[in-house]
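As structure tokens, the structure follows; a few thoughts come after it.
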Amino acid sequence: MRKAPDLSPWKTQYNDLVRSFTGVFLFGIPFIYTMEMWWISTYIDIWKLLIFLAIALAINIHLGHLIHLPLSSNWSTAVGEALYNIGVGMVGALVILFLLGRIVFGDPLNESLGKILLETIPLSIGAAVTRKIERESEVRRNRPAVQEGTRHWNVVLNQIGITLAGSLFLSLPLASTDEIQMLAAGTTDYQVIALVPFSLLVGYIIVYRDSLAPTWAGDARPGRLPVLVDILMTYGVSFFAALATLYLFDRIELGNPLVHVVSQTVVLGLPATVGGAAGRRLI
Amino acid sequence: MSEQGTPVGTARSRTTAEWVTLAASALVVFSVLGLLIVDLIVGSSRDPVIRVDACFDAIYEEGEKYYLPTTIINEGGRTAADVSVHFVLHPGGEAPAESSTFTLRFLAPGEQAEAVIIFNAEPRPETLRFSSSYLYP
């Protein structure tokens with residue numbers, strides 16, 4: 001059985017940060033892809049946003065206290081956890097909303113703050129819950145990556161299947177909504193292009209995030225090429241899942257302009273990649 | 001923040017890495033909070049003021065149609081919902097009047113939207129009239 005390597009505090013903190021952002025993407029993508037959340041931010045009163053922030057703080061203090069039980073019952077630690085989760089949620093919301101063109105330079109400040117704050121509650125809870133789950137499943141990651149004698153292609157096909165299942169899990173509910181078309185129409189070509197490496201990065205973070213060996217074809221420590229191929233495979237399968245669901249829901253048709261098809265698929269490809277990578281990680 | 005090898009029931013001091021992360025998170029949260037409070041104090045509660053700027057200098061013609069770029073700006077302090085802008089063109093002579101209407105779902109304070117109005121006759125400042133309306137969210 002593999003033993004978790006001793007990590008420096010900075011490496012440990014990095015892993016924890018990556019876990020948090022994993023939760024942000026997993027739990028927050030469906031909320032960020034909801035147009036009503038964008039609209040409400042344009043007219044919600046500021047005092048209500050302050051209440052949202054207070055609720056986020058209270059929930060995360062409570063979750064922070066639960067995360068550290070029974071290691072510590074120090075409430076200052078819980079407050080620190082809450083600030084950490086909320087900060088991660090805010091940064092995650094800002095990055096994704098910016099990439100999707102929902103926040104642009106020149107937007108009214110209160111509108112941008114509203115969009116970020118409305119997403120902060122679910123995203124920060126996602127960060128907290130994921131860290132809680134991952135800490136309780138440390139033992140699971142010490143299991144052997146691949147059973148002895150497992151054929152290489154069986155492993156690869158299993159990974160493709162898991163990725164496809166996870167991609168469909170997140171892309172199916174989103175493909176049927178108008179948000180994907182709205183987002184694709186509202187993003188510039190540069191934003192669409194930037195979404196591709198961002199999706200690859202998110203997939204990499206979710207699958208490979210804490211330096212322990214991933215479940216790739218029996219390699220205990222895969223080299224650079226397998227990692228690259230693996231991430232490209234994850235994105236490729238997710239892209240295909242996004243394309244298929246858009247076609248099945250009549251959001252795109254044969255003969256549609258290629259730019260129209262690609263932009264919608266790339267936009268939906270981000271949550272599909274999150275789902276596919278999460279499936280690889282959790283199953 | 002992470003726990004490693006800490007005996008059950010005891011609190012351990014934070015590492016430098018954890019302090020740095022906590023400081024960065026607190027900076028983000030309190031910056032957002034500060035901006036909200038500033039906006040609450042200095043922000044305007046003035047009703048929406050809708051201004052429509054028709055860019056006659058930027059008119060272009062395609063396929064016997066005239067395209068008029070237009071900017072709609074909310075100069076008030078509150079968000080306007082269902083902003084409707086109605087254009088009426090009286091070209092003069094025997095040419096019939098033309099009208100065009102579009103609606104914006106929301107227009108936040110300071111926000112501006114770009115639109116293009118398409119006419120059969122060339123719009124000019126003296127022949128084009130427009131009106132607008134909105135709802136409170």
Side-chain angles (χ1 to χ4, degrees), chain A residues 4 6-17 19-20 35 38-47 49-50 53 56-57 64 67-74 76-77 79-91 94 106-114 116-117 120 131 135, chain B residues 1-45 48 73-83 104-112 134-137:
Chain A
D6 291 332
L7 301 174
S8 69
W10 287 100
K11 198 67 173 178
T12 303
Q13 196 58 31
Y14 165 77
N15 290 339
D16 215 43
L17 193 65
R19 283 190 191 113
S20 303
M35 68 175 86
W38 316 327
W39 292 341
I40 291 173
S41 67
T42 65
Y43 61 81
I44 190 169
D45 294 322
I46 293 177
W47 64 268
L49 290 176
L50 290 171
L53 185 56
L57 193 62
I67 285 173
H68 280 274
L69 288 176
L71 297 174
S72 166
S73 59
N74 189 337
S76 68
T77 304
V79 171
E81 285 279 334
L83 287 175
Y84 177 82
N85 292 326
I86 294 173
V88 167
M90 287 181 176
V91 171
L94 175 63
D107 272 352
L109 178 62
N110 57 342
E111 180 182 343
S112 301
L113 290 177
I116 293 171
L117 273 168
T120 293
R131 291 167 67 211
R135 284 179 185 173
Chain B
M1 266 59 73
S2 314
E3 302 283 354
Q4 277 191 328
T6 305
V8 172
T10 64
R12 69 165 180 82
S13 59
R14 288 196 177 99
T15 64
T16 303
E18 289 172 347
W19 277 114
V20 169
T21 310
L22 175 59
S25 302
L27 180 65
V28 169
V29 174
F30 288 113
S31 296
V32 170
L33 179 62
L35 287 170
L36 272 179
I37 293 174
V38 167
D39 199 36
L40 183 66
I41 294 172
V42 305
S44 169
S45 59
I73 307 167
N74 182 357
E75 296 181 325
R78 296 175 58 187
T79 296
D82 290 334
V83 178
L104 302 171
R105 191 68 185 252
F106 292 101
L107 200 63
E111 184 180 4
Q112 61 182 40
Y134 64 84
L135 296 175
Y136 290 110

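Quantities reported herein were computed from a predicted structural model and do not represent experimental measurements. Convention: sequence-line order gives letters A, B, ...; per-chain numbering from 1.
Ranking A:Pro108, A:Ser20, A:Gly106 against chain B, the residue ahead of the rest is A:Pro108, based on heavy-atom pairs under 4.5 Å. Taking B:Ala108, B:Ala80, B:Pro137 one by one and counting their heavy-atom pairs under 4.5 Å with chain A, the maximum is reached by B:Pro137.
Within the 4.5 angstrom heavy-atom criterion, only side-chain atoms of A:Leu117, from C-beta onward, approach chain B. Contact of A:Leu53 with chain B is made through the side chain alone, with heavy-atom distances under 4.5 Å. In this structure, chain B has a heavy atom under 4.5 Å from the backbone of A:Ser76, while its side chain stays farther away. For a residue to count as touching a neighbouring chain, one of its non-hydrogen atoms must lie under 4.5 Å from one of that chain's; by this rule A:Asn110 touches chain B with backbone and side chain alike.
Between the OG1 atom of A:Thr42 and the CZ atom of B:Arg105 there is a distance of 10.0 Å, given to the nearest 0.5 Å. Interatomic distance, CD1 of B:Ile37 versus CG of A:Leu49, reported as 12.0 Å (0.5 Å rounding). Going from atom CD1 of A:Ile46 over to atom OG of B:Ser45 covers 10.5 Å, rounded to the nearest 0.5 Å. A distance of 11.0 Å separates CG in B:Leu27 from CG in A:Leu83, rounded to the nearest 0.5 Å. Rounded to the nearest 0.5 Å, atoms OG1 (B:Thr16) and CD (A:Gln13) are 10.5 Å apart. One distance of note links CG of B:Leu36 with CH2 of A:Trp47; it measures 13.5 Å at 0.5 Å rounding.
Residues B:Val29 and A:Met90 come closest through the heavy atom pair CA-SD, 4.0 Å.
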task: Please assess A:Thr120 against B:Val32 for the test side chain to side chain contact (heavy atoms under 4.5 Å, CB included), listing each intermediate value before the final yes or no.
output: CA-CA 11 Å; A:Thr120 293; B:Val32 170; over 6 Å; no

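For the pairing with B:Thr21, the side-chain contact (heavy atoms from CB on, under 4.5 Å) check across A:Tyr14, A:Trp10, A:Tyr84 returns one residue only, A:Tyr84.
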